Amino acid sequence: RFEVQLAPGESLQLEKIVSVVTSRDMERDQLQARGAEILKQAASDGAKQLRMRHSAAWCARWEKCDVEIEGDPAAQQGIRYCSFQLLSTYRGQDSFLNIGPKGYSGECYNGRTFWDTESYCLPFYLFNNPDSVKKLLEYRYNGLEAARAQAEEFGYCGAIFPWTTLDGTEDCSDWEYRMGETHINAIIGYAIFVYTHVTGDRSYLHTHGLELLIELARFWSSRAEFIPFRNGYAINRVMGPNEFAQGVNNDWYTNYMARWLLEYTLQALGEVGIESHDHLSEAVRRTGFRPEEGDHWREVAEK
């Protein structure tokens with residue numbers, strides 16, 4: 001508590017310097033000492049020096065990602081505001097963090113992860129910091145075991161990634177979203193394709209990516225139902241990407257992306273087999289993939 005007497009016309013400036021440490025980054029018994037050490041150094045540098053370093057870091061970010069729009073100040077302000085929110089929410093240094101769809105300043109969601117990451121946010125990072133996209137893909141791989149468990153819980157094969165999550169497990173309490181918004185399990189595969197295609201870096205595909213794709217293809221092939229009188233497959237009772245129409249049969253986006261995922265997984269298996277047989281063998285070992293599964297995926301995709 002501070003008490004200060006100010007005369008008319010006088011001003012007072014308070015400087016507050018805080019250090020933040022968490023038990024995820026160090027042992028609990030080290031937190032207080034490490035926090036005090038950081039705080040002592042920051043206080044020694046002073047608020048002015050800290051602000052200068054902060055500004056320099058932001059300048060470096062804007063140099064890489066700023067978009068300039070001439071002749072439309074409102075659009076210019078809008079795109080910079082959106083870029084600021086993305087850069088504030090995720091910097092791409094940690095594969096156990098993701099992008100909250102309303103950032104740190106939104107009025108809800110509290111940092112939870114949605115399909116927005118791969119469908120809407122990923123391109124921004126892909127073209128100014130592709131290494132951060134690889135971290136986002138690693139984030140999904142870190143949640144693979146939880147996704148496998150959710151598929152088993154729902155009675156399907158492979159992996160079902162959560163519609164909304166903080167730690168890889170499903171965090172949505174509304175069953176119609178949790179069980180209907182399945183298209184997230186195609187857009188994750190599409191993110192692997194886009195990253196590989198744009199950057200030319202095939203290392204993720206060769207390792208974690210192929211394993212993810214196999215489990216996602218297993219899900220879609222088990223989610224599709226064979227309709228005898230059509231001699232074809234259907235994906236019934238889903239909620240499309242508009243998030244309002246519930247219990248839809250054969251939503252166009254969901255069906256199209258499911259077919260795409262099956263076809264791309266087959267393509268990826270062939271490519272990795274040619275480029276690195278050792279990586280293919282490892283993915284087959286980890287997933288227990290069998291060639292007849294691929295035959296079934298091809299049939300489902302074609303029909």
Side-chain angles (χ1 to χ4, degrees), residues 11 13-16 47-95 97-140 163-165 177 181 183-184 186-202 204-205 239-245 251-254 256-257 260-261 264:
S11 63
Q13 178 175 311
L14 298 178
E15 295 177 351
K16 181 178 181 180
K48 183 177 180 180
Q49 180 66 25
L50 293 173
R51 183 179 177 86
M52 289 175 60
R53 290 211 298 265
H54 170 85
S55 298
W58 270 106
C59 285
R61 291 189 194 180
W62 285 119
E63 282 294 320
K64 293 183 68 175
C65 72
D66 189 25
V67 176
E68 295 185 4
I69 300 176
E70 297 181 356
D72 192 336
Q76 179 68 87
Q77 183 185 37
I79 199 167
R80 282 181 173 156
Y81 176 78
C82 293
S83 298
F84 170 76
Q85 290 292 330
L86 285 165
L87 292 170
S88 297
T89 304
Y90 185 75
R91 291 190 296 157
Q93 295 179 321
D94 195 322
S95 60
L97 296 176
N98 205 286
I99 305 166
K102 291 202 174 186
Y104 287 138
S105 63
E107 74 278 11
C108 62
Y109 299 142
N110 302 316
R112 288 173 174 81
T113 304
F114 287 77
W115 85 308
D116 305 59
T117 288
E118 286 83 10
S119 56
Y120 299 115
C121 302
L122 187 141
F124 171 82
Y125 296 93
L126 184 62
F127 291 101
N128 69 70
N129 186 6
D131 289 342
S132 66
V133 175
K134 196 169 186 179
K135 287 288 195 299
L136 291 171
L137 296 176
E138 290 171 357
Y139 169 89
R140 290 301 188 185
W163 177 241
T164 167
T165 184
Y177 288 90
E181 299 267 18
H183 46 274
I184 187 174
I187 199 69
I188 291 172
Y190 185 69
I192 296 171
F193 163 75
V194 169
Y195 171 79
T196 304
H197 178 70
V198 170
T199 66
D201 175 15
R202 304 185 67 79
Y204 185 83
L205 176 64
M239 181 183 294
N242 66 356
E243 298 189 25
F244 291 101
D251 166 66
W252 186 88
Y253 179 86
T254 304
Y256 185 94
M257 290 303 293
W260 179 91
L261 190 283
Y264 177 58

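Note that the structure is predicted; figures quoted are calculated from it, not measured.
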From [X] atom [atom1] to [Y] atom [atom2], the distance as rounded to the nearest 0.5 Å:
X      : Y      : atom1 : atom2 : value
Thr199 : Tyr204 : OG1   : OH    : 12.5 Å
Trp252 : Met257 : CH2   : CE    : 9.5 Å
Leu137 : Tyr195 : CG    : OH    : 7.5 Å
Lys64  : Cys59  : NZ    : SG    : 14.5 Å
Ile188 : Glu118 : CD1   : CD    : 5.0 Å
Leu136 : Leu97  : CG    : CG    : 9.5 Å

Specify the closest pair of heavy atoms between [X] and [Y], including all atoms of both residues, with the distance to one decimal.
X      : Y      : result
Gly92  : Ser132 : CA-CB, 3.3 Å
Leu205 : Thr196 : CB-OG1, 4.1 Å
Cys121 : Ile99  : CB-CD1, 3.7 Å
Leu122 : Ala191 : CD1-CB, 3.7 Å
Thr89  : Gly100 : CG2-N, 3.7 Å
Arg91  : Asn129 : O-ND2, 3.6 Å

Flag the pair [X] / [Y] as yes when at least one side-chain heavy-atom distance between them is below 4.5 Å, and no otherwise.
X      : Y      : result
Glu243 : Trp163 : yes
Ser83  : Trp62  : yes
His183 : Glu181 : yes
Phe124 : Leu87  : yes
Phe114 : Ile184 : no

List in chain and number order the residues that pass side chain to side chain donor-acceptor pair (under 3.5 Å) with Arg80, two or more places apart in sequence or in another chain; answer none if no residue qualifies. Asp66
Take atom OH of Tyr256 as the centre, draw a 6.0 Å sphere, and report whether it contains more than 12 heavy atoms from other residues, nucleotides or ligands. no
Taking Tyr125 for its side chain and Leu86 for its backbone only, find out whether a donor-acceptor pair lies under 3.5 Å. yes
Has Tyr253 got a side-chain atom pairing as donor or acceptor with Pro241's backbone, closer than 3.5 angstrom?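 Judged by distance alone, no pair lies under 3.5 Å.
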Carboxylate-amine/guanidinium proximity below 4.0 Å for Asp201 and Lys134: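 Salt bridge between Asp201 and Lys134, a charged N being under 4.0 Å from a carboxylate O: yes.
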Determine, for Lys48 against Glu15, whether the closest basic-nitrogen to carboxylate-oxygen distance falls under 4.0 angstrom. no
Centroid-centroid under 6.0 Å between Tyr190 and Tyr264 rings: no
So, applying side chain to side chain donor-acceptor pair (under 3.5 Å) with Tyr139, which one of Asn98, Thr113, Asp94, Thr117 is it? Thr113
Output a table of donor-acceptor pairs, distance under 3.5 Å, between side-chain atoms of residues 67-77 and any protein atom two or more places apart or on a different chain; print 'none' if there are none.
| residue | atom | partner | partner atom | Å |
| --- | --- | --- | --- | --- |
| Asp72 | OD1 | Ala74 | N | 3.4 |
| Asp72 | OD1 | Ala75 | N | 3.1 |
| Gln76 | OE1 | Ile69 | N | 2.7 |
| Gln76 | NE2 | Val67 | O | 2.8 |

Check the pair Lys135, Tyr90 against side-chain contact (heavy atoms from CB on, under 4.5 Å), reporting the backbone distance first and the verdict last. CA-CA 10 Å; Lys135 287 288 195 299; Tyr90 185 75; 3.2 Å; yes
One pair to check against side-chain contact (heavy atoms from CB on, under 4.5 Å): Glu107 and Lys102. What are the steps and the verdict? CA-CA 7 Å; Glu107 74 278 11; Lys102 291 202 174 186; 2.6 Å; yes
